[in-house]
Amino acid sequence: MPESQKRFYITTTLPYVNAEPHVGFAAEIIRADIIARWRRLNGDQVFFNTGTDEHGAKIHQKARSMSLEPQAYVDGIYGKFVDLLAAVGAPLDMADEGFKRNFIRTTDPHHVMAAQEFWKTVDKNGYIYKKDYSIKYCIGCELEKTESELVNGRCPLHPLQELEIIHEENYFFRFSSFKEKLLALYAAAPGFVVPNARFNEIKAFIERGPEDFSISRLASKMPWGIPVPNDPEQVMYVWFDALVDYISAIGWPDRLDGFQAWWVETGGVVQYCGKDNLRQQAAMWQAMLMAAGLPPSKAIVVDGFITGDGGVKMSKSLGNTIDPFDIVKTYGTDALRYYAARELSPFEDSPFTVERFKEAYNASLANGIGNLTSRILKLTSTYGISSALRDKESIYSDETARAYAESMAAYDIRSACEHVWARISAMDGEIQAAQPFKLLKSEAASDIERGKAVLAKLYAELWVVAVLLEPIMPHTAEAIQSLVKSNSMPEAPLFMRI
RNA sequence: CGCGGGGUAGGGUAACGGUAACCCGUCAGGCUCAUAACCUGAAAAUUGCCGGUUCGAUUCCGGCCCCCGCAACCA
């Protein structure tokens with residue numbers, strides 16, 4: 001059922017710009033955009049946020065390896081992420097007044113100011129403290145050693161040498177203070193983390209007892225971060241800065257009307273994130289909000305990774321990566337959106353190969369919706385058959401639409417697609433079973449009437465399908481809707497077989 | 001014994017205490033409105049391995065094996 005006019009705020013995780021945008025991020029934008037468009041279709045005002053995470057050690061290293069200043073490096077690459085938005089059908093310049101898109105860079109002056117203000121607020125509330133932090137240093141290597149590099153607590157290259165302990169000071173966040181409050185938040189908000197397995201995981205993690213974590217780095221070692229207020233020797237740890245983007249994007253702390261409208265009144269943001277940063281989004285960030293005296297997010301939707309064939313990790317060295325721009329260039333935006341929506345699991349790891357992509361494209365787009373559109377509209381346009389089309393607002397009285405809406409509400413985009421394609425398949429079956437193409441050529445008036453009735457029904461159903469397709473494949477949905485309205489067959493196939 | 005998730009026909013996925021479903025592929029029919037598309041049917045799975053609970057387990061419990069993520073390196 002359409003809900004009454006209200007606001008909806010959704011965001012992706014900001015991708016880290018140490019490499020070109022990859023297909024995993026494309027999938028995440030598409031998912032968030034589908035949910036956003038679905039809410040828009042229901043009449044909500046929508047704010048869609050995404051952007052780029054531009055600070056931290058990896059960026060610093062990457063820039064240095066290219067002999068660039070970090071700022072010059074990020075200035076050079078962030079535009080590719082903006083381009084990706086347009087390529088996957090989530091462009092920044094939407095004509096729709098009720099659908100705002102925002103692209104935030106964590107190097108934007110407003111965001112930098114917001115992160116510092118956030119720090120000061122959390123500090124003022126007593127949740128930040130400075131602590132001695134010990135680092136293991138191998139004299140043989142003349143390098144710092146991380147726990148994961150050590151073997152039996154020793155440097156594998158110099159196992160006879162004792163590791164030296166170096167002390168440095170970092171700021172820490174009192175994460176441990178929020179155990180009970182986080183558990184209370186989880187208990188009070190069923191469905192706060194989707195899917196449920198991830199919710200259980202984070203609950204168990206917090207029950208074991210969260211530990212304070214470091215939120216700054218020595219500027220002398222890693223200067224590429226937002227300066228810690230009143231301490232020129234330290235910069236913020238990149239996560240502390242980046243997470244604040246969800247509120248700085250809507251105006252916190254200086255444009256509080258925006259924050260009020262999109263965060264307080266909506267009940268917070270719906271955040272998409274990968275399974276690798278469940279903790280940051282569902283626990284650390286929530287604790288940070290509490291520490292700043294702000295309300296929590298509305299929901300965290302956790303998705304899986306895109307893998308190569310056989311579930312192996314995608315990597316340049318294996319040569320199994322997929323460039324989202326290439327896919328769009330060759331097959332079109334809607335085809336990529338279709339694959340992300342129906343062929344990828346909304347929550348688990350899923351494979352993406354060109355072969356699979358082509359199979360899915362032919363089966364469901366060319367032979368499925370594309371062919372069905374042609375065969376129905378050929379008959380209705382030739383014989384001048386049509387019927388009343390449902391208002392988009394009342395589309396949810398349709399059975400398929402109701403099931404679809406239920407799936408969307410649970411962020412189960414694939415399941416929503418399944419309902420639509422089950423309908424498409426059923427319609428193909430109806431044509432075969434009733435054979436209206438034969439009835440219309442009959443001598444008997446009753447046959448002709450029956451043929452017309454069947455087609456009038458299919459015509460109306462095609463409209464319903466085209467409306468349900470709007471969030472998933474906006475261009476295709478529009479194309480079919482306009483063909484249905486003018487009752488004309490597509491001049492060229494909607495999806496050419498490949 | 002760190003924590004969590006996953007392991008289902010050739011490939012990819014779904015379901016979930018009671019005849020294991022879907023897509024691609026394969027094989028055999030049918031139809032001709034449509035993009036050589038569409039429809040029907042068939043073959044194909046002892047649901048990772050071992051044990052337990054149960055009238056009955058893919059589904060619950062225990063152990064083991066393998067894969068993925070996390071475990072304040074980095075994000």
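Here is the naming used below: chain letters follow the sequence lines, and residue numbers restart at 1 for every chain. In what follows, every heavy atom counts, from backbone to side chain, and hydrogens, waters and symmetry copies are set aside.
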Out of B:rA72, B:rC33, B:rU35, whichever nucleotide has its closest atom nearest the side chain of A:Leu379: B:rC33
Checking all strands, does A:Arg217 fall into the base, sugar-phosphate, or nothing category for heavy-atom contacts under 4.0 angstrom? sugar-phosphate
May I ask you to verify if any side-chain N or O of A:Lys438 is less than 4.0 angstrom from the OP1 or OP2 atom of B:rC31? no
What is the separation between atom CD on A:Glu201 and atom P on B:rC68, rounded to the nearest whole Å? 16 Å
With sugar-phosphate meaning primed atoms plus P, OP1 and OP2, does A:Leu494 contact a base, only sugar-phosphate, or nothing at under 4.0 Å between heavy atoms? base
Please pick, from B:rA71, B:rC3, B:rC33, the nucleotide with the shortest atom-to-atom distance to any side-chain atom of A:Arg279. B:rA71
Which part of the nucleic acid does A:Phe172 contact within heavy-atom distance under 4.0 Å: base, sugar-phosphate only, or nothing? base
Between A:Ile369 and A:Trp239, who's closer to the 5' end of RNA chain B by nearest nucleotide? A:Ile369
More than 12 heavy atoms from other groups under 6.0 Å of CD on A:Glu168: yes
Touch class at under 4.0 angstrom, heavy-atom based, for A:Ala57 against every strand present: sugar-phosphate
CE of A:Met427 versus C1' of B:rA34: gap in Å, rounded? 13 Å
Could you check whether A:Asn277 gets within reach of a base, just the sugar-phosphate, or nothing at all, counting any heavy atom under 4.0 Å? nothing
Need to verify one output field. Residue with the more 5' nearest nucleotide on RNA chain B, A:Glu418 or A:Phe205? A:Phe205
From B:rC74, B:rA75, B:rC68, nucleotide with atom closest to A:Lys275 side chain: B:rC68
Honestly, is A:Arg198 close enough over A:Phe347, meaning NZ or CZ under 6.0 Å from the six-membered ring centre and within 45° of the axis? no
A:Lys457 bridged to A:Glu461 by N-O distance under 4.0 Å: yes
Applying a 4.0 Å non-hydrogen cut-off, can you work out what A:Asn367 is touching in the nucleic acid: base, sugar-phosphate, or nothing? sugar-phosphate
Strictly under 4.0 angstrom, non-hydrogen atoms only: write out the protein contact profile of nucleotides 24-30 of chain B, one letter per nucleotide from the 5' end, B, S or -. S-----B
Answer yes or no on whether A:Lys131 is positioned over the face of A:Phe172, meaning its NZ or CZ is under 6.0 Å from the six-membered ring centre and within 45° of the axis. yes
For a quick test of reading the model, state the closest non-hydrogen atom pair linking A:Ala434 to A:Leu439 and the distance between them. O-CD1, 3.4 Å
For the side chain of A:Asn371, counting heavy atoms from C-beta on, which of B:rA75, B:rA72, B:rA37 is nearest? B:rA37
Polar pairs (N or O, both sides) under 3.5 Å between protein and nucleotides 14-16 of chain B?
residue	atom	partner	partner atom	Å
B:rA14	OP1	A:Arg414	NH2	2.3

Could you summarise the pairing of RNA chain B as dot-bracket text, marking Watson-Crick and G-U pairs under 3.5 Å with ( ) or [ ] inside the strand and | across strands? .((((((..((((....[..)))).(((((.......))))).....(((((..]....))))))))))).....
Stacked cation flag A:Lys203 on A:Phe199, 6.0 angstrom / 45 deg: yes
Measure from CE on A:Met496 to C1' on B:rA37 and round the result to the nearest Å. 13 Å
Look at the side chain of A:Ser214 and the backbone N and O of A:Ser216, then say whether any donor-acceptor pair between them is shorter than 3.5 Å. yes
